[in-house]
Student: 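Input: one structure, supplied below.
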Protein chains: 2
Amino acid sequence: MEKSTKDKILDVALELFSQKGYKGTSIRMISGKVGIRESAIYNHFKNKEDILDTIVSSLASSSLSLLISQKPINEFALKGKSFLREFAASFKLLSYDNKSEKFFRFMMIELMQSKKIREIFFNDFHKSHLKILSQAFFIMMQEGMIHSSDPMLMAQEFLSPLFFYRMQATILRIDKENSSQVATLFEKHIDFFWEMISTG
Amino acid sequence: MEKSTKDKILDVALELFSQKGYKGTSIRMISGKVGIRESAIYNHFKNKEDILDTIVSSLASSSLSLLISQKPINEFALKGKSFLREFAASFKLLSYDNKSEKFFRFMMIELMQSKKIREIFFNDFHKSHLKILSQAFFIMMQEGMIHSSDPMLMAQEFLSPLFFYRMQATILRIDKENSSQVATLFEKHIDFFWEMISTG
DNA sequence: GTCTATACCCTGATAGAC
DNA sequence: GTCTATCAGGGTATAGAC
């Protein structure tokens, strides 16, 4: 199965967008890497923005929240520390998934420049994670598994390091520097956090 | 005291760089906002990159670490929670300082695109904060003020939310949305964190 | 679906008059 | 120190042949 030209364009565009941002990537560069002329791009996409929109709408909704929100949250929350471990593992895995990683890099570049990306970041990315986590912490509190506190604050406090460690790992890997030390922080975060909140 | 043309150029350039990034800002836009012709820019700076370098070298070293590393770290660390409160307050204040805020936005845009900015982020920004915090936590552990743990991990766990909350506040303010809810997170973070680590 | 050719705009930068 | 004039290069996009 050969990849269609359209898919090749999308792959190359995501690659370049994640390295140089939207404005820093030219139709010329995309077509050159795909192996066609600039004008041939316009047989597949209306214009440059159309390429971007296609990529964004296919990658915007976080695969993490989809993964978890399949079943009712109770089943997960009652697993306590294991739930947090699984959540963090999914989060960490995303930074090793090729497309997710590239989209994350692109999102970071555009976050301060594009309102559309900011909305995706908050709605699809951030809020959906906070919702799952705060619900889970609420249940854990009810069950007496963890100390009582504001579940939403706890969710923020739990999620922030995961985001920051992912960002650090991404940055280090750009320069092909060793990111294994940062990678261990994901697991250490779980141990540290659980140690602090658990009633055990 | 009138501002010199050179300073006007630097101010306008930082403003635009923080909104559109380095590549997205043209000499024409800068000169236009300053009120001179493109060519007049070159009487003050060798080229576009020279403008950037001047800005970066004047804003790179975080004012926060300078503020704190004046005195030996012991004096601060022994204050326990108050030290953390002061640290977070300085961190929060930076996001309300006009130039610091603009430089932060610029740094976020360029983090995935420029190796130079990545080095500044890690060396001037991140590592210096981690060093201060880990030293402070180490002292607090010795004094029995907080539970024993890995001081560097604790520093990472303490700093990550501060960074993430600052980033959220910055993003919200771009769209002129209400950031007061995020602003309270800085203080809540201190209470939450201290509650967890203190032996009291 | 891809090509050549072309239109037109924006970019950073320089030369030389004032 | 600022201006006008000018340049080469790269940007998006379209028309029309194959």
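Sequence lines set the chain letters: A, B, ... in the order given, protein chains first and strands last, and positions in each chain run from 1.
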Student: In whole Å, what is the span from the CG atom of B/Asp50 to the C1' atom of C/dA13?
Tutor: 14 Å
Student: Using whole Å, what does the distance between atom P of nucleotide C/dT14 and atom CG of B/Asn47 come to?
Tutor: 8 Å
Student: For A/Asp97, what residues pass the side-chain hydrogen bond (donor to acceptor under 3.5 Å, both in side chains) criterion, not counting sequence neighbours?
Tutor: A/Ser100
Student: Round to a whole Å and report the spacing from CD1 of A/Ile41 to P of D/dT12.
Tutor: 10 Å
Student: Strictly by side chain to side chain donor-acceptor pair (under 3.5 Å), give each pair with a member in residues 175-189 of chain A just once, sequence neighbours left out.
Tutor: A/Lys92-A/Glu187, A/Asp175-B/Arg118, A/Asn178-A/Ser180, A/His189-B/Glu157
Student: Using a cut-off of strictly less than 4.0 Å between a heavy atom of the residue and any atom of DNA chain D, enumerate the qualifying residues of residues 6-15 of chain A by number.
Tutor: none
Student: Output the single nucleotide from D/dA13, C/dG12, D/dC3 whose closest atom is nearest the side chain of A/Tyr42.
Tutor: D/dA13
Student: Under the salt bridge (Lys or Arg N to Asp or Glu O under 4.0 Å) rule, collect the residues that match up with B/Lys3, sequence neighbours excluded.
Tutor: B/Asp11
Student: Distance check needed: D/dA5 C1' versus B/Glu38 CD, whole Å only.
Tutor: 11 Å
Student: When we call it a touch if two heavy atoms are under 4.0 Å apart, what does A/Ser39 touch: a base, just sugar-phosphate, or nothing?
Tutor: base
Student: Grab the CG-P distance between A/Leu16 and D/dG11 for me, whole Å please.
Tutor: 11 Å
Student: Could I get the full list of side-chain hydrogen bond (donor to acceptor under 3.5 Å, both in side chains) partners for B/Lys116, not counting sequence neighbours?
Tutor: B/Asp53
Student: Anything under 30° is parallel, anything over 60° is perpendicular, the rest tilted; go ahead and classify B/His129 against B/Phe87.
Tutor: perpendicular
Student: What residues, two or more places apart in sequence or in another chain, satisfy ring pair (Phe, Tyr, Trp, His ring centres under 6.0 Å) together with A/Phe186?
Tutor: none
Student: Given atom CD1 of B/Ile51 and atom C1' of C/dT11, what is their separation to the nearest angstrom?
Tutor: 14 Å
Student: Please list, in numerical order, the residues of residues 17-37 of chain A that have a heavy atom closer than 4.0 Å to any atom of DNA chain C.
Tutor: A/Ile36, A/Arg37
Student: Got a sec, which pairs hit ring-ring contact (aromatic ring centres under 6.0 Å, His included) with one end in residues 1-46 of chain B, sequence neighbours left out?
Tutor: B/Phe17-B/Tyr22, B/Phe17-B/Phe106
Student: Over 60° means perpendicular and under 30° means parallel, so classify the ring planes of B/Phe164 and A/Phe121, tilted if in between.
Tutor: perpendicular
Student: Just list the side-chain donor-acceptor pairs under 3.5 Å for residues 139-154 of chain B, sequence neighbours left out, or say none.
Tutor:
| unit_1 | atom_1 | unit_2 | atom_2 | d |
| --- | --- | --- | --- | --- |
| B/His147 | NE2 | B/Ser198 | O | 3.3 |
| B/Asp150 | OD1 | B/Met152 | N | 3.0 |

